[in-house]
Amino acid sequence: MTGETPPPRRLMVDRETKPKLPPYLKLRHDAGRDRWVLLAPERVLTPDQTAVAVLQLCDGERSVKEIAAKLAEEYSAPVDVIAADIVELLQDLADKGYVKG
Amino acid sequence: MTEQQKANGHVQTVSVDDEPTTGVEGSQDVTAELCALAPIGLLAELTHRCPLQCGYCSNPIELERVANELTTEEWCSVMRQAGEMGVLQIHLSGGEPCVRKDLEEIVSAASEAGLYTNLITAAVTLKRERLEGLVKRGLDHVQISFQDVDPENAEHIGGYPGATQKKLDVAGWVTEMGVPLTVNAPIHRKNIKSVPAYVDLAIKLGAQRLEIAHAQYYGWAFLNRAALIPTYEDTLASIEFVEEARERLKGVLTIDMVVPDYYAKRPKPCMGGWAKGFMNVTPAGKVLPCHAAESIPELEFDNVRTRKLRDIWLDGSAFNAFRGTSWMKEPCRSCAFKDIDYGGCRCQAMAMTGDPRNTDPACALSPYHAEMVNFAKEEASKPPTEFLYRNPRNAAKALKAKEETLLPAE
Ligand code: SF4
Ligand code: SF4
């Protein structure tokens with residue numbers, strides 16, 4: 001152990017954040033159950049359709065704002081509502097260690 | 001329910017923990033949906049061999065011999081069957097799974113079957129190249145146990161010289177390779193004061209998760225209760241510390257805690273319910289609804305050598321013995337909590353009351369509860385005893401001595 005790296009900090013998600021999923025988080029379609037699951041160390045997460053749509057766009061390039069705009073167009077929904085919803089979703093996942101900035 | 005399992009509207013979380021008695025844990029609806037047709041977690045105890053000799057080990061006293069262990073092909077078949085039937089997470093454990101020379105093939109089979117593959121290791125014999133190979137084959141997550149943060153005490157507990165440095169090395173490689181690391185902290189009387197130091201260690205190592213696992217009194221740990229049971233005050237202090245640290249370290253470190261139920265009013269929903277979402281395969285291929293199920297003499301277990309995993313899950317007699325709530329006696333039978341805690345742990349009821357259908361004595365409504373609490377407090381107030389180390393020689397000795405059960409309240 002070197003102790004040189006700064007201690008990790010909590011990611012605070014806002015509309016400028018460019019979220020990405022750590023490589024160990026696996027988004028998989030479970031054929032037997034006919035649903036999407038997110039697999040993490042000793043956890044199974046059950047994302048709904050919205051969450052799946054959001055997570056599939058979290059590539060570390062797009063910002064939350066851009067993701068919201070894209071989904072707002074697809075679902076013809078108000079972009080502000082969507083953005084707020086995404087921030088809440090991603091903050092929750094970030095607090096569990098599953099989304100990085 | 002912990003912070004981790006709370007819903008956020010779009011995503012819910014169910015934990016699939018390797019700790020004995022934990023099993024699956026999450027909101028009832030989601031867990032029920034996920035586990036409707038198949039379990040979501042499987043603990044594969046690849047071997048009982050282990051270079052360490054921890055007195056808190058929950059392995060059975062009668063350790064399985066090498067000659068009886070499943071072959072490579074048999075384990076690979078277990079992995080394929082698990083994937084096909086809908087298991088999502090596999091915990092490769094033991095004993096020490098790295099003792100198996102064919103761990104590589106087993107990891108490949110698990111990964112090819114689509115299983116999220118967790119390695120639960122004491123890490124003292126794992127070399128860098130081997131770890132690299134395992135990760136290439138699809139290993140998803142590594143969990144390393146530290147017997148204490150203080151190296152000297154850790155050696156005393158695990159009975160393995162130089163263990164801590166080896167573990168630190170392996171932990172460093174794991175995070176370097178971008179693989180998520182869990183630090184497992186098996187907590188008992190001889191290290192309970194180290195809980196804050198474990199949190200610091202996990203952060204320093206860049207761990208994704210820390211498991212504060214208070215010893216569960218099965219197998220060797222049951223024999224060693226007197227050496228292991230911490231005081232009520234220390235137990236509470238450790239729980240309070242963890243709850244505070246969890247809040248403080250949101251987004252930095254996930255902390256899971258397995259709490260001891262000796263001092264609780266209601267029992268844990270053991271395994272998240274018997275045969276509900278989790279199964280266990282022993283080194284010799286016996287399929288158990290829970291890690292300690294072999295301690296219940298009336299149960300008969302199927303073996304993967306002679307029956308398909310899915311059939312065992314659906315129709316195996318041991319799985320159906322305590323599935324649901326119809327097997328219950330009073331006070332559970334007419335209790336409002338029966339679908340929440342399922343009457344607690346069958347193995348603990350067996351160990352302490354002699355009848356697996358009795359209410360878990362961890363429940364305040366059990367007539368055995370007062371005696372269990374007194375026993376725990378009494379043991380904890382005595383000067384600490386020495387461990388009976390987990391090794392074949394002590395196993396032979398311990399198997400001769402007969403365990404006594406508690407007496408119910410008048
Ligand atoms: S608890 Fe200790 S002795 Fe038991 S399997 Fe784990 S490392 Fe080995
Ligand atoms: S009586 Fe049984 S069901 Fe009721 S709280 Fe106690 S263990 Fe749970």
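In what follows, every chain begins at residue 1, and chains take the letters A, B, ... in the order their sequences are listed.
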Answer key: most heavy-atom pairs under 4.5 Å with chain A among B:Asp140, B:Leu88, B:Asn118 is B:Leu88
Most heavy-atom pairs under 4.5 Å with chain A, out of B:Gly41, B:Gly206, B:Gly86, belong to B:Gly86
Pairwise distance [atom1]([X]) to [atom2]([Y]) - rounded to 0.5 angstrom:
{"X": "B:Arg246", "Y": "A:Asp95", "atom1": "CZ", "atom2": "CG", "result": "13.5 Å"}
{"X": "A:Leu38", "Y": "B:Gln12", "atom1": "CG", "atom2": "CD", "result": "13.0 Å"}
{"X": "B:His10", "Y": "A:Leu90", "atom1": "NE2", "atom2": "CG", "result": "10.0 Å"}

A quick test of your reading: do over 12 heavy atoms of other residues, nucleotides or ligands sit less than 6.0 Å from [atom1] of [X]?
{"X": "B:Glu152", "atom1": "CD", "result": "no"}
{"X": "B:Arg310", "atom1": "CZ", "result": "no"}
{"X": "A:Glu73", "atom1": "CD", "result": "no"}
{"X": "B:Lys308", "atom1": "NZ", "result": "no"}
{"X": "A:Lys100", "atom1": "NZ", "result": "yes"}
{"X": "B:Leu314", "atom1": "CG", "result": "yes"}
{"X": "B:Glu244", "atom1": "CD", "result": "yes"}

What part of [X] gets closer than 4.5 Å to chain A, counting heavy atoms only: side chain, backbone, both or neither?
{"X": "B:Ala36", "answer": "neither"}
{"X": "B:Leu253", "answer": "neither"}
{"X": "B:Glu84", "answer": "neither"}
{"X": "B:Ile120", "answer": "side chain"}

Counting heavy-atom pairs under 4.5 angstrom with chain B, the leader among A:Leu55, A:Val99, A:Asp85 is A:Asp85
Of the listed A:Gly32, A:Pro22, A:Ala40, the one with the largest count of heavy-atom pairs under 4.5 Å with chain B is A:Ala40
Report task. Given side-chain contact (heavy atoms from CB on, under 4.5 Å), test B:Asp256 with A:Arg43 step by step and report yes or no. Result -> CA-CA 11 Å; B:Asp256 284 343; A:Arg43 291 282 192 287; 2.6 Å; yes
| said: When you compare the side chain of A:Leu39 with that of B:His141, does any pair of heavy atoms fall below 4.5 Å? | reply: no
The interface call for A:Val37 against chain B, heavy-atom contacts under 4.5 Å, is side chain
Quick one: does A:Arg28's side chain have a donor or acceptor within less than 3.5 Å of a partner on B:Gly114's backbone?
yes
Keeping B:Tyr116 on the side-chain end and A:Tyr24 on the backbone end, is there a donor-acceptor pair under 3.5 Å?
yes
Check your understanding: Are B:Val11 and A:Lys96 close enough, and set up right, to give a side-chain contact (heavy atoms from CB on, under 4.5 Å), and what steps lead you there?
Key -> CA-CA 12 Å; B:Val11 183; A:Lys96 291 172 178 161; over 6 Å; no
In terms of heavy-atom contacts, B:Gln208 and A:Pro41 come closest through OE1-CG, 3.6 Å
Would B:Thr254 and A:Glu42 count as a side-chain contact (heavy atoms from CB on, under 4.5 Å) here? Give the steps. CA-CA 11 Å; B:Thr254 297; A:Glu42 309 204 3; over 6 Å; no
